[in-house]
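Chain letters run A, B, ... following the sequence lines, proteins first, then strands; residues in each count from 1. As the structure is a computational prediction, the values presented were derived from the model and not from experiment.
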Amino acid sequence: MVATTRPETMLGDTAVAVHPDDPRHQGKIGKVIKHPFTGREFPVIAGSVLVDPKFGTGAVKVTPAHDPNDFECGKRHNLPFVSIFDEKGLVTAEGGPFVGLDRVEARKQVKAKIAELGLERGGKPHAHAVGHCQRCNTIVEPMISTQWFVKMEPLAKPAIEAVEQGKTRFVPETWSKTFFHWMNNIRDWCISRQLWWGHRIPAWYCAACQQPTVARTTPEKCAHCGGKDLTQDEDVLDTWFSSWLWPFATLGWPDQTRELRTFYPTTVMETGYDILFFWVARMLMAGLHFMKKVPFRTVYLHTMVTDEHGDKMSKVKGNTIDPLEVAQKHGADALRFALAWLTNPAAQGKNIKFSMSNVEDARRFANKIWNATRFVLMNLDDYNADQFADRTTEGPDGAEFDLPERWIMSRIQRATEEINTALEDYRFAEAAQAVYHFIWNEICDWYIELAKARLQDPAQAGERWKIQGTLVTALDAAMRLLHPFMPFITEELWQKLPKPQGAPQSIMITLYPIADPRYVDDATESAMALVQRVVATVRSLRTENNVPSSVRPKVVLNVIDDYKKTILDGYRGLVSEQARLGEIVVRRAGEPPTGAVLTAMAGDIEILLILEAKADSGPERAKLERDRATLTKDRDHLAKKLANPQFNEKAPRAVLDKDRARLAETEAALAKVEAALARL
RNA sequence: AGGCGAGUAGCUCAGUGGUAGAGCAGGCGCCUUACACGCGCCGGGUCGCAGGUUCAAUCCCUGUCUCGCCUACCA
């Protein structure tokens, strides 16, 4: 008794296989079976590969001409290969009484005939794995036919060696494992395709001797018998069979063109990881075979772009996006930036979940850049680019520029460094995010804001050209850093920026920024960080306590060291402007002011906001209590850590010093919070 | 079944041996003369689970669970 999901194929059976160790079927191996319909006689064979004794009845019918596994089995056991379907899916003469039936009809009738003869032994539901056409869902019928293959092993070997020797490397490197696994187990490549268009296979069959003649041009006569009646193979070549020639065929090969000499091999091949075998590995093999050199030195593989649910885009499913439509709606820059933002080196099984909201975010970013540039241009009426050309952080008198100018110059270098490093490592998302952060959070949120009031202040007219020049410098750097990610808007805006004599005609031919260590300024950055911290804390205090933006309260800053006093004293104007304050007093110590006072801590700096009248102390108390909880937790954690003798003994000096300093700061801040709470 | 990955804030994802970050989403307040495609502020995470190594683990090791991808197979 055998089980089958496809009864109709029994017409082509030429054996029944059982497992050699299966006690149920021991005596049957070698016996001959008579086919109930065709009358054909065939053996019961022992098949340890094909048969899983735990599955079904432990006996399997073998149809070598219509099943890939049975085909292999048929070769192993020298079984006849009986084709029971023709190319239209109709039963051939081999099918005996069923001849001429469509395969679907044949299935019904074979089943009925089995029942009629009393041979049916029941059935049960079974999830089968018969192949279906992806587009029309028709069952695919495996059949035997003559097709052309490329012998892959001799081609694979040099490619494996090239990767082993590092002539081509994968980014991320982990893909070389997958590559080796596939290449070491490579199968011959079937290049025949039964499509109605494409390059016809250059093989001709002789009517006289049936032998194939393979030639570059249409042959006059059969290479074997000289026969003149030749017919070309109907099949066409697999598309990848021409694609694997891409790296050199596109450059004029087989002619030794200038382009071929210049661009072969190329540097980076970039594609989705699903293309690794289809194309990348094959280009590598073809390149080594025809050009004797690898086609590219680096293969960058990114994850697949899927829809927002993580489903692979496919025309059949209808979840594809049309890049041209997206570009039409949101701009090519937005589309490009959105993809860059999401593109990091491929981790297997992960993908880029592409959604329109990413494109919309990128478009907002483009809008932001546009407006920032507009602001700068609006303030350049009296600006002379040539005057500023060689100045960056100090004036002709040798005097340093003001804090914001020195700060953004330093930040330009940091951003440039970060972006370049990320790009060199193929971490495109990180690079894109770094540009975004630099432009939005540093240039727009801080530098432009710090520039505004000073540009309008008649008392600072002498500073004006420095601020203007620095704004232009920052935008110039920003546009050039962003250019690979948003080529169109950056060119447009860059063209509008004032430039000194002799500047390049297009942003495309400017140099990509390189960090200049001369402008990296740690002291300036930490001073600015202090200003930012105090401003942020005051803003938070005001917002949480509903102090309207029209009110400009006086503030007292109690600091615990001279460094902070000097910095905050020196930049009271900036703090006052950004935090919308009135008078600012910075002091080392003093009695807490009486009356309507709001208190908050910026690290260990105590901020006392003095109001006309104080209303509800609830929000202030809640915030101070939250601070107290956090600070207490931090203090306990640090104290416990530092009390551990093994920590003191084994931890690096720098870590110890840092933690000790942090404990001291935390304790000081906590004491001030406690005092403020007591006063409430 | 074998191979390869991933599990971190509501979502999408960064990240580092020294007490966690972004974008978006959410809440509150603002038309503060570049931008409401905006500005300011706020909330939110025992970094899948269990062991181990270490002075110290989200990060290293082992096991485990879940999810995904690739390859093979499913009479």
Given the rule in the side-chain hydrogen bond (donor to acceptor under 3.5 Å, both in side chains) test, do Asp476(A) and Trp494(A) qualify, once you have shown the distances and angles that lead to the verdict?
CA-CA 7 Å; Asp476(A) 171 77; Trp494(A) 186 84; 2.8 Å; yes
Is the phosphate of G5(B) approached by Thr174(A) (side-chain N or O, under 4.0 Å from OP1 or OP2)?
yes
With centres under 5.5 Å and planes under 30°, do His181(A) and U71(B) count as stacked?
no
So, is Arg539(A) close to the G29(B) phosphate, meaning a side-chain N or O under 4.0 Å from OP1 or OP2?
no
Any Arg662(A) side-chain N or O less than 4.0 Å from OP1/OP2 of U19(B):
yes
Can you tell me which nucleotide in C42(B), A34(B), C55(B) comes closest to the side chain of Arg626(A)?
C42(B)
Report yes if a side-chain nitrogen or oxygen of Trp440(A) is closer than 4.0 Å to either non-bridging phosphate oxygen (OP1 or OP2) of C39(B); otherwise report no.
yes
Examine G23(B): is either OP1 or OP2 under 4.0 Å from a nitrogen or oxygen in the side chain of Arg364(A)? Give yes or no.
no
Phosphate OP1/OP2 of C42(B) contacted by Ser540(A) side-chain N/O (<4.0 Å):
yes
Phosphate OP1/OP2 of A34(B): any Lys452(A) side-chain N/O under 4.0 Å
yes
Using the C1' atom in both, what is the distance from C61(B) to A22(B), to the nearest Å?
30 Å
Within the structure, does a side-chain N or O atom of Lys368(A) lie under 4.0 Å from either OP1 or OP2 of C39(B)?
yes
Atom OH in Tyr300(A), atom CZ in Phe170(A): separation rounded to 0.5 Å?
14.5 Å
I'd like the P distance from C69(B) over to U53(B), given in whole Å.
37 Å
Indicate whether the side chain of Asn358(A) and that of Arg363(A) have a donor and an acceptor atom separated by less than 3.5 Å.
no
Check every atom of A34(B), C4(B), C55(B) against the side chain of Lys177(A) and return the nucleotide holding the closest atom.
C4(B)
Against Thr9(A), only a single residue in His66(A), Arg103(A), Lys61(A) fulfils side chain to side chain donor-acceptor pair (under 3.5 Å); can you say which?
Lys61(A)
Any base atoms under 4.0 Å from Trp341(A), or only sugar-phosphate, or nothing? Heavy atoms, all strands.
sugar-phosphate
Would you mind classifying the nucleic acid contact of Glu577(A) as base, sugar-phosphate or nothing, using non-hydrogen atoms under 4.0 angstrom?
nothing
With rounding to whole Å, what would you report as the distance between G44(B) and C30(B) at their P atoms?
23 Å
Do the side chains of Lys452(A) and Glu449(A) get close enough for a salt bridge, i.e. N-O under 4.0 angstrom?
yes
